[in-house]
Structure formats: structure tokens, C-alpha cells
Amino acid sequence: MTQVSLLDGLNPAQRQAVQHFCGPLLVVAGAGSGKTRALTHRIAYLVRQYRVDPAEILAVTFTNKAAREMKERIEQLFAEQEAYEQFGIPLAELESAQVTRLKSSVYQRITRFLWIGTFHSLFSRILRLDIEKYQDPKGRKWTRNFSIFDESDVQSLMKEIVTKQLNLDERKFDPKSIRYAISNAKNQGWTPVDLERHQPNFRGRTIAQVYEIYQDQLAANNALDFDDLIWIPVQLFRQNDQVLAYWHQNFRHILVDEYQDTNRTQYELIRLLTTNGETRKSQLNWQNRSIFVVGDADQSIYRFRGADFTILMEFQDSFGDGLPDDDTRTMVKLEENYRSTATIIRAANTLIDNNTERIEKVLKPTRSQGEPIFCYQADNEMVEAEFVVNAIKRLKSKDPNVSWGNFAILYRTNAQSRPFEEVLMRWGIPYTVVGGQRFYDRKEIKDVLAYLRVVANPADSLSLLRIINVPRRGIGKSTIDKLTQAATALNVPLWEILSDETSVHTLAGRSAKPVLEFAQLLQHWQQQLSRAKATEILEGLLRDSGYLEDLKAQGTEEAEERAQNVMELYNAARQFEEEQGDPSLEAFLSNVSLASDLDNLQEDSEKVSLMTLHSSKGLEFPVVFLVGMEQGLFPNFRALEDPAALEEERRLCYVGITRAKEKLFISYASERRLYGNREVAIPSLFLSELPKELIELDKPGAIPRQLSRGNTPPISAVPKAQRATRNSYLQQWSVGDRLQHPQFGQGQITHVFGNGERVTIAVKFPSIGQQKILDPRIAPIQKIN
DNA sequence: TTTGGTAGGTTTTTT
DNA sequence: ACCTACCAAA
């Protein structure tokens, strides 16, 4: 009987990637070029052909959803192979009971052991095993039942530190921007000391100080933030050779998807694991070991959270042979696109060609021409929404095979979803909005999770304070204050005070009774922790705390909805228990903290999908509507005078276009509501960068040749003759020059990129404590002598 | 303690 | 236009 090969149906480049065994390999994979196929087939190939132990494979994906899909596809591949081996027929011809049995056997023997997940989920798993071996430079320690603080937890902690503890001026030291600076530091791999060194001024010192106190608070709560899940493993690996050596030995084959969106800290983590900390390239031993990364610099869209696609461009230097493209054996390019029509690919290629910082790569269409791209100019955002929904209805009624799930509406900002939702709702069309307010951000869900977190991690005082009087049990502010003050004075977690009967009696007086009852409730379930399943604990807490009862007693429609959400959380816990082997509360809590809205999206569902361009990465839809294509909205106004940011917006547009398989619609409004006022909108620069002959306009002249004046047009839209008169364009700029900017104040040039016409400069502005990349041709800057 | 009102911020994107 | 957080009044 013939055997299907894991290489069947792959093109030569894909085969090269799949057959790669040891050593480094960079796979430059354009949109829709079958990179997920390359990844999954390679993992299967490693196990089947090269006899690699599945437990020695670490594969990092960008979302939990991608991880889940990858696991499913690998399971499918193994099942297909084994169907031939065992029964001599294709998997599809087996009875469904046999298929189920085969797949579960594959799971038990193979896929169960693969380490596949996001950076955050994989390394939180590793921290649950090893964090007690870690101590930070200031002697802070955590235990394995640590909490993971979400963005709002962190935000309130930050505000507390800035306003209450340090008494800083909130206007000068906005907690949000400080939070951002600290997150950025962790993404760069900076300790507070490093941060101060990079920003040696008052602001830098202050932020470093907040950073230290913030870490104190996290440690006091036995909690970590998102960034710590990556940053702490790096520090642990650096300080403890044995721990590093253990994991280095364990993970002999490392694969990273979406490598263009890794940040410095993530890179360092991968580097440490791959090399065991060896920095001399000549000393690296690649025997039975590989690093395999897949990415596309043109789809790098997460710069704002520290992603740095130069890491991908430097892969050849970091791990590879560094030879030119034609000679290199450590790089392979997947350039054939199997997803979209030739028209869509040509549009995407033309657009992205306007970027300067790229790896040379052209998407080659394999499909036929297809239909032209349709561009619609609407009077305002409501008309735009009506156009989109009409088009969806028309296409659906024309072809009975088309389902609602074939359509996606993609926009730049979450706030843009509303008009589309209104119109879809009016017509009774089923839809899902991805992102926006997360399920787990709802108040009632956070309350219930706080109960669970305190049970798992009594030191989590933030969660404890959240629920101490929810539902109302007569523990007032003054009582809480007294208890907290005692805890602070003794430098112990609030729980230590609460769980000590004598202390409570002394401090709380008349309120002692409800406090003690509350403490007993938690204590009871803490004792069950190791024995009981997450669902049992959840059920018990909901009952004993009276939370659900209280909600139901309110009798309002809103409370009813909240109660339903709580039940939905319970269902999520049950589902988790069934799907994962681990029914423990800690496992469920980790999963919840790292879950995202996207993870629940069903691509084959009968619903129109609405989401941001960022969320759409990695997905594909037969019909895509790219809406709100207006200057200032997309590209976003914050990117208009920063060339590097503008290029990122263009990559985002490229991502959007390449989501479409069959048909692409683009639309914009000539007037749009913004913060409640009507504003006149100008068509996006990106519209003028698309090839005219591929676009069908709903009315002539819908795309103006030149953007109107008033708004600073990006440089490529400015006719050459005009450019010289604009600004200090002819001026020479060099490192060290000082300059003045109306918004950012005085600054000093730290880098000059490019030469001739295409020069950009990096300027450090001490007064805002940030570095900006500017285009001297358009930025309103003045040289200071 | 709870309610209600209003001022102020918000819209870039997210694991 | 909408939401949140904070403050004043009961």
C-alpha cells in the first residue's frame, strides 16, 4: 500500500523548510504562502522521520488560537500517516469511531508532549515549576502559585504608587505613560538601574523609582505582570546555569512563528535556550539541535509593544551563516501565495513597495486575476456601514453557498465597530465583534476571578481588597483601612491579618464578625485547593459568598445579564477541565489570564466577523471589507509625522489586504464623527498608493490624485519640486546635532539612517523622556547651533 | 454607606 | 458620544 508522504503537495521551498533538521533556519514567509503548513509538517517530520522525542520540541505561536490550531493540525497529520500504516487506507475512509480512537491514541503518545503555545503561556508554565529558584537583584521572591495581574490591575497599582505613595504631579507623571515606560523597559530587558542609565534625567530617575516600588508591590502580592512572564525567565536563566542547562537540554528543537513580532526580551529568551548562553558563534554545537523561525518583516505590526522586526532581519547574523540570499543554507523564502486572487496580490505588492525597510521579497500569485477591488466613498460612517451591509446581503443572496462567516469587516480602531453593529443588528444579520471589551474584563467576572485568585494565592491583596465587601457584608471603609494599615506596618500580606482571629477582634471591633466569616469562607476553600477541582471551588465560592444570590436579588436587567456572564465563566471552567488534562484551579486561572477574545473566534461560524486589523493577522476570509480608509484614522494621526510609524501603518494595510481570498472592498467616509463632533475626512494616503487599474470606483474621482493641503501630507505625496521648500530638507544632519521641536522641545540626534534623499533621524527628547524617529523633510524642526 | 451627578478623558493597535 | 472615576449630598 502506498504511503502518503509529509512532503506531498509541497513546493520546493516548503520542502526545504520541512526537511530541515539541525542548525538554524530562517523561513521568510509571505502572507498566504503556506507557512503554517511548513511549521506543522516540519514538527511531524521531526518526530516521524528524524525520531525526535516530542517532549523536546518547543513551538512558540503568537496567539493561543494559533497554538490550538497547530496542535490540531499536527494531530491530524499523524492520524493520516498512521491510518495508512495500520489500515492501509486514508483517514477519511475510516469509520468515525476509528478516527476518534486513532486521534486519541496519537494524542496520548505524541502531541500531548509537545510544548506548543504563546511565549506567555509556555513560560508561565515553566515559571510555575522554577520560579522559586529565582531571586531578583533586590532579593524579591515569588512562589509557584503566583497571580498574573491584568492590565487594569496593573493600572490601578501604578496610579496608587504615583499619586498616593510618591505624591507626584499626575499631569507630569501620567500613570499610563509611566506604565508604558516600565513595560517597555521589561520588553527591552532593562532593570530599573538600566532604565535610569538609558534616561539619565529627573524623569528617568523617577520612573526607575516607580519601577522599583512597582516590583515591591508585585512581589508583596506574589504577582507578576504580562511582561514578567518573559522577563523573569530571562533573568532566572542568566543567574542560574543549572536551570538554563536543564531547559536547554530539554528543548532541542525550537520553532518560533511570527518571528518579526518578537521583542528584545523574547529574543534573548530564545537565544539563551538555543545556545545555553554561549555568545561565541563558532562554539555553538548544533548536533541534534535546531532553531527554526518563521516570519515576514512586511507583517510586523506590534512595534508599540516592543516588537522589533530588525531581530528577524538580523537572524542570519545571530544564528545563521550570514551568506547572501543565493548562497545561504540558513534561509529559505516562501513567496508563492496560494490564498488570494492575483489582483489582490498585485495591490498588496504595490502598496508595500512604498516601504524602505524591507527584506527583498515579492509575493507571487498562483491564482487567476479575479475581480477588481471595489472602492466606495461614503458621505459619513453610517452610510459606509450601510454600503458594507448591503454588499454583504447582495453577495449572500446571489450565491446560496455563501455563508455569513465568509465576510470580515476590518478597521483600524475598536471604536469603529459601532455603526456596523447597528446596521447588522437592524437587518438581523448574525455577527461577532472580536476584541473591544474582553469578557474577562467585565466587573462581575473580575469579582469572581478575584475570589478564585485569593484562594489560590492568599498573598494577592489586590484581589482580596476587591471582594472583601462584595457582596456587601458590612465591612466598611474604616475597618478595611485599619486592617490594611496593620498589614503595611507589619509588612505582611493583608491575609495574614485577616486570618488571625485575635488581630481581627482587636482591629475591627464591631465589624469583626463579618470579617471573620469572610476569612473562614476563604480558608475553607483554600484547604480544598489541592483536592478539589476548579469547578468545584468556583461553585462552592459562588454559593457560600452569596455572590450569585445577591446579583439575582437585585432584579434589574443588568444584574440578570451579569449573573449569566458568571454562569458562562462556570461553563468555561467546565470546558477547560474537559479539554485540558489539568482540573486544578491554578491551571484554570493561568489560562484565563492569558486568554484573549480572538481565541474564541470560529472561522467557520455563521457570523460576520468584525475586528481590528491587528486582530486579523493570521486569518483569512473570502470577502474582506477594509473600512475607514481616511488620513488620520488609517494611517493613524499619531503616525503621520514619524516615517517609521507610517511604514508600520502601511504594513498593517498590507496585512488587511492580504486577508482577502476572493474579493476586497475598500471604503472611506468624507465626514466622520470623532469625539462627538463631525469632522471632514481626507481619503487615506494608502488609497493613492494602490494601482489604479485594479480598482473599480463607485464614482469618478473618488481617489484624489493629491492629498489636499492643511494636513501634513507624507513625503511621498509631496511633489518633488515642492519638497525642498518645505523645511530644512537640504540641511545636513549628523549625530550630536541639537534641535528644537514645537511639541517635544529640545532634542539631540542619536542616529542618522540612510543617505541622500531618504534620511531619517532618531532624536532623544529629554523633556518628554522619549526617543522619536523623524523625517527631517517633514518634521517641524529647527536646528540649534 | 449609598446614590446620583458631573467633569474629564477617550480612540491605536494586545499577549 | 460615551464611559469612568470622583465628589457631594442624603
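In what follows, chains are A, B, ... by sequence order, proteins preceding strands, each numbered from 1.
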Collect all protein-nucleotide pairs involving nucleotides 8-10 of chain B in which both atoms are nitrogen or oxygen and the distance is under 3.5 Å.
none

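Using a 30° and 60° split on the angle between ring planes, A:W247 and A:F251 fall in the parallel class, below 30°.
A:Q416 has its CD atom 9 Å from the C1' atom of B:dT11, to the nearest Å. B:dT12 atom C1' lies 15 Å from atom CG of A:L410, rounded to whole Å. A:D308 places its CG atom 20 Å from the P atom of B:dT15, with the value rounded to the nearest Å. Distance NZ (A:K477) to C1' (B:dT2): 15 Å, rounded to an integer number of Å. Protein atom CG of A:D257 is 14 Å distant from nucleotide atom C1' of B:dT15, rounded to whole Å. In this entry the distance linking OH of A:Y654 with C1' of B:dT13 reads 19 Å, nearest Å. Rounding to whole angstrom units, CD of residue A:E648 and C1' of B:dT14 are separated by 12 Å. Atom-to-atom, OH of A:Y411 to C1' of B:dT12 comes out at 13 Å; the value is rounded to the nearest Å.
Residue A:S121 is out of contact with every strand shown, counting any heavy-atom pair closer than 4.0 Å. Residue contacts shown for A:F637 are limited to sugar-phosphate atoms, with no base heavy atom under 4.0 Å away. Across all strands shown, A:N414 has heavy atoms under 4.0 Å from sugar-phosphate atoms exclusively, and none from any base. If you check every strand for non-hydrogen atoms under 4.0 Å, A:K443 touches nothing. Looking at heavy-atom distances under 4.0 Å, A:F634 makes no contact with the nucleic acid at all.
Nearest-nucleotide positions on DNA chain B place A:G476 closer to the 5' end than the other of A:G476 and A:I301.
Taking the six-membered ring wherever Trp is involved, the centroid distance between the rings of A:H614 and A:Y411 does not fall below 6.0 Å. Aromatic pair A:F62/A:Y302: ring centres closer than 6.0 Å.
Both tests pass for A:R125 against the ring of A:W115: distance under 6.0 Å to the centre and angle within 45° of the axis.
Distances from the side chain of A:R472 to the nucleotides B:dT13, B:dT1, B:dT14 place B:dT1 closest. The side chain of A:T413 sits closest to B:dT12 out of B:dT12, B:dT11, B:dT14. The side chain of A:R673 approaches C:dA1 more closely than any other nucleotide in the set B:dT11, C:dA1, B:dT1. You'll find that the side chain of A:H120 is closest to B:dT15, out of B:dT14, B:dT15, B:dT12.
Across all non-hydrogen atoms, the minimal contact from A:E421 to A:V433 is CD-CG2, 3.5 Å. Counting all heavy atoms, side chain and backbone alike, A:Y547 lies closest to A:E444 at OH-CA, 3.4 Å.
Both stacking criteria are satisfied for A:F304 over the base of B:dT13: a centre-to-centre distance under 5.5 angstrom and an angle between ring planes under 30 degrees.
If you take atom C1' in B:dT12 and the same atom in C:dA5, they sit 23 Å apart, rounded to whole Å.
Salt-bridge annotation for A:R303 and A:D261: absent, with no side-chain N of the basic residue lying under 4.0 Å from a carboxylate O of the acidic one.
For B:dT13, the base has a donor-acceptor partner in the side chain of A:R412 [N/O atoms by modelled type, under 3.5 angstrom].
Other residues, nucleotides and ligands place more than 12 heavy atoms under 6.0 Å from the CD atom of A:Q165.
Here A:S615 reaches the OP1 or OP2 of B:dT14: one of its side-chain N or O atoms lies under 4.0 Å away.
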